[in-house]
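Working notes, structure below.
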Amino acid sequence: MILDNTMSYLKELESWVNEVQGLLGNAKLDDNQSKLWRNQLDELKDEVKRLKAKEVITEKEIISLQNKGKQISNRFMYHNEKRVIAYGEHKLPPLPYEYNALEPYISEEIMRLHHDKHHQSYVDGLNRAEKRLYLEETNKETLKHWLREQAFHGSGHYLHSIFWNNMTPRSTKKPVKEIKRQIEMDFGSWEQFKNKFSDVANSVEGVGWAILFWNPPSNRLGIQSVEKHQLFNIADSIPLLVLDVWEHAYYLQYRTGKDKYIENWWNIVNWNDVNQRLLNAKHL
């Protein structure tokens, strides 16, 4: 039997999904983001309908449904906030998908640790540094320390924010649209670019990133390894696609098999996001 309060909750959640879907038309989202939200909301609505049709609904199913609804709500609110962020007020961006959505290529355990712990530490560190630099008195003896903290934690926060959106469980597997044309123009072919980017990622010693960037002065793409992310300083360049090859990004699942992690990562690259970043970069 389905309890009355459970059925009432399911109806309220279904009504909320319909309301949010109605708001999407006025939301500040590009076509790819809008499609992503609609897919997530449709999946949640289908799950509600499935549960309403059951004779028995478990507590575990209700909790899972509540968590999905909460995560979608958090993502929607985050992306519709005004993007002017006060000094020391950065927040951890919600993942654009569930923690287990990238399996089997990246495990749920890694995603929870990487996002909730490691990325959060960058957000906290950046907030501390900004408060000391811009909102409090900072003497000359500690100025360089807080500038280094701002660079380290700020780079970690911004690169990870790109990284999460650079991945998707619905990858096209290969570049699309403008980014496809640009890659073929600058690297000769998709295969040549992929091999070069993978080689760069594997070349990183210790901690760091592989980055595909757009350089406005030359109107070309480039690839760069970054072994200390706060030193990513190719002037006037814009990161489009970033791959985290710090050990915390893969070690629990792949151990020392960084090359396998990199090989598998290509299955979850969000080429629509990379393409949109390129289009935005070209309009600066």
When you check the side-chain N and O atoms of Gln120 and Asp124, is any donor under 3.5 Å from an acceptor? yes
With no hydrogens and no angle check, do the side chains of Gln276 and Asn280 hold a donor and an acceptor under 3.5 Å apart? yes
Only one of Trp209, Phe187, Phe213, Trp266 passes ring-ring contact (aromatic ring centres under 6.0 Å, His included) with Phe197, and that residue is Trp266
Roughly how far apart are [X] [atom1] and [Y] [atom2], rounded to 0.5 Å?
X: His90; Y: Leu126; atom1: NE2; atom2: CG; value: 4.0 Å
X: Leu102; Y: Met111; atom1: CG; atom2: CE; value: 5.0 Å
X: Leu241; Y: Ile162; atom1: CG; atom2: CD1; value: 9.5 Å
X: Gln182; Y: Arg220; atom1: CD; atom2: CZ; value: 8.5 Å
X: Leu279; Y: Leu240; atom1: CG; atom2: CG; value: 10.0 Å
X: Arg277; Y: Ile179; atom1: CZ; atom2: CD1; value: 11.0 Å

Closest heavy-atom contact between [X] and [Y]?
X: Pro175; Y: Trp190; value: CD-CE3, 3.3 Å
X: Leu221; Y: Leu278; value: CD2-CD1, 4.3 Å
X: Glu178; Y: Asn275; value: N-OD1, 3.0 Å
X: Asp116; Y: Tyr99; value: OD1-OH, 2.8 Å
X: Val176; Y: Trp271; value: CG2-O, 4.0 Å
X: Ser225; Y: Ser203; value: CB-OG, 4.4 Å

Does His115 have any ring-ring contact (aromatic ring centres under 6.0 Å, His included) partners at least two apart in sequence or in another chain, and if so, which? Trp164
Set of residues satisfying ring-ring contact (aromatic ring centres under 6.0 Å, His included) with respect to Tyr251, sequence neighbours excluded: none
Could you check whether any side-chain N or O of [X] sits under 3.5 Å from a backbone N or O of [Y], counting only pairs where one atom can act as donor and the other as acceptor?
X: Asn264; Y: Tyr105; result: no
X: Ser189; Y: Gln192; result: yes
X: Glu108; Y: Glu103; result: no

Hydrophobic cluster membership, [X] vs [Y], 4.5 Å side-chain cutoff:
X: Leu252; Y: Phe163; result: yes
X: Ile238; Y: Tyr158; result: no
X: Leu147; Y: Phe152; result: no
X: Tyr122; Y: Tyr134; result: no

Below 4.5 Å, heavy atoms only, C-beta onward: do [X] and [Y] meet side chain to side chain?
X: Gln253; Y: Tyr261; answer: no
X: Tyr254; Y: Ile262; answer: no
X: Glu191; Y: Lys194; answer: no
X: Asp186; Y: Phe193; answer: no

Can Glu47 and Arg50 be counted as an ion pair, charged N to O under 4.0 angstrom? yes
Run the side chain to side chain contact (heavy atoms under 4.5 Å, CB included) check on Glu130 and Leu135 step by step: do they pass? CA-CA 7 Å; Glu130 286 191 346; Leu135 305 178; over 6 Å; no
Take a 6.0 Å sphere around [atom1] of [X] and say whether it holds more than 12 heavy atoms from other residues, nucleotides or ligands.
X: Lys180; atom1: NZ; result: no
X: Lys173; atom1: NZ; result: yes
X: Lys174; atom1: NZ; result: no

Which residues share a salt bridge (Lys or Arg N to Asp or Glu O under 4.0 Å) with Glu109, sequence neighbours left out: none
Quick one, Asn219 with Trp214, criterion side chain to side chain contact (heavy atoms under 4.5 Å, CB included). Give me CA distance, side-chain angles, the key distance, then yes/no. CA-CA 7 Å; Asn219 283 308; Trp214 174 251; 3.5 Å; yes
Evaluate side-chain hydrogen bond (donor to acceptor under 3.5 Å, both in side chains) for Asn195 paired with Ser198, printing each intermediate quantity in order. CA-CA 5 Å; Asn195 291 336; Ser198 296; 5.7 Å; no
Which of His157, His114, His160 passes side chain to side chain donor-acceptor pair (under 3.5 Å) with His119? It is His157
The residue among Asn270, Asp244, Asp273 that forms side chain to side chain donor-acceptor pair (under 3.5 Å) with Asn166 is Asp273
One pair to check against side chain to side chain contact (heavy atoms under 4.5 Å, CB included): His118 and Leu113. What are the steps and the verdict? CA-CA 7 Å; His118 288 280; Leu113 178 67; 4.0 Å; yes
Please step through ring-ring contact (aromatic ring centres under 6.0 Å, His included) for the pair His153 and Trp146, ending with a clear verdict. CA-CA 10 Å; His153 292 290; Trp146 290 113; 9.2 Å; no
Side chain to side chain contact (heavy atoms under 4.5 Å, CB included) for Arg170 and Tyr97? Distances and angles first, verdict last. CA-CA 10 Å; Arg170 299 181 180 86; Tyr97 34 72; over 6 Å; no
